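Only one structure is covered here, and it is reproduced in the block below.
All residue numbers refer to positions in the sequence shown, counting from 1. Fair warning: this is a prediction, and the values are worked out from it, not measured in the lab.
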Amino acid sequence: MSGLFYLGEVTHEEKNAWILGFAAVASYAVYLVLVLGRAGGRPLAEVPYVAALLWTVGTSIVATIVLSIVVAIVSKDGAKDQRDHEIGRLGEHVGHSFVVIGAVAALLLAMAEAPHFWIANVIYLAFTLSALLGSIARIFAYRKGFQPW
């Protein structure tokens, strides 16, 4: 398990997976703290959430891009090889499955005429889970081995 968190000599793509995973978790945690802090005993569907959602998503995107650029400048990795492409594809497949699950959940909430708050939040949660679990799949593939089928 200790080898899982070792970041000494890792590829640029693995570093990007770590960055994306941490950014997704951090931004969603900040969002939850902001929204739950504004609730003040009223129903969550009545809490103003749009600005917090937009700021946390936007900040996460910008932070991910900036950190990826910094890592690319500092890193002395070579070009992506076939293994990197296959691992990236695995992470995308895992991540996209949660986007689909979130879209179906949002569709069901819309058909049930749920408040916009719940629809937006299930989509945000799906995007967060997509980024996090896609990153975890990539990291495990790099750390524990990858067997393309």
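Tyr31 places none of its side-chain heavy atoms less than 4.5 Å from the side chain of Trp55. You'll find the side chain of Tyr49 reaches within 4.5 Å of the side chain of His116, heavy atoms only. Within the 4.5 Å cutoff, the side chain of Val47 has heavy atoms near those of the Arg42 side chain. Leu125 is not listed as a side-chain neighbour of Asn121, based on a closest heavy-atom distance of 4.5 Å or more. At a threshold of 4.5 Å between non-hydrogen side-chain atoms, the residues Thr128 and Val25 do not count as touching. At least one side-chain heavy atom of Trp118 sits under 4.5 Å from a side-chain heavy atom of Leu44.
In this structure, CD1 on Ile139 lies 12.0 Å from NZ on Lys144, to the nearest 0.5 angstrom. Distance check, rounded to the nearest 0.5 Å: OH of Tyr142 to CG of Leu90 gives 10.5 Å. A distance of 8.5 Å separates CG of Leu20 from OG of Ser130, quoted to the nearest 0.5 Å. With rounding to the nearest 0.5 Å, the separation of CD in Glu113 from CD1 in Ile119 is 9.5 Å. Here the CD atom belonging to Glu14 is positioned 8.0 Å from the CD1 atom belonging to Ile87, to the nearest 0.5 angstrom.
A salt bridge is defined here as a Lys NZ or Arg NE, NH1 or NH2 lying under 4.0 Å from an Asp or Glu carboxylate O, and Arg89 with Glu92 fails to meet this definition.
A donor-acceptor pair under 3.5 Å is formed between the side chain of Arg38 and the backbone N or O of Pro48. A distance-only check finds a donor-acceptor pair linking the side chain of Ser68 to the backbone of Thr64 [under 3.5 Å]. Remark: the backbone N or O of Ala24 is paired with a side-chain donor or acceptor of Ser27 at under 3.5 angstrom. Using modelled atom types, no side-chain atom of Ser60 and backbone atom of Thr56 make a donor-acceptor pair closer than 3.5 Å.
Both Phe117 and Val50 belong to a common hydrophobic cluster when Ile, Leu, Val, Met, Phe, Trp and Tyr are linked at side-chain heavy-atom distances under 4.5 angstrom. The same ILVMFWY cluster, assembled from side-chain heavy atoms under 4.5 Å apart, contains both Leu107 and Val104. Taking hydrophobic clusters as Ile, Leu, Val, Met, Phe, Trp and Tyr residues chained together by side-chain heavy-atom distances below 4.5 Å, Leu36 shares a cluster with Leu53. With hydrophobic clusters built from ILVMFWY side chains whose heavy atoms lie under 4.5 angstrom apart, Val71 does not share a cluster with Ile65. In the hydrophobic clustering of ILVMFWY residues, with side-chain heavy atoms under 4.5 Å counting as a link, Leu54 and Ile61 come out together.
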Problem set entry | Verdict with reasoning, Leu34 to Val30, per side-chain contact (heavy atoms from CB on, under 4.5 Å) | CA-CA 6 Å; Leu34 291 173; Val30 168; 4.0 Å; yes
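Here the closest heavy-atom approach between residue Gly102 and residue Val122 is recorded as O-CG1, 4.3 Å.
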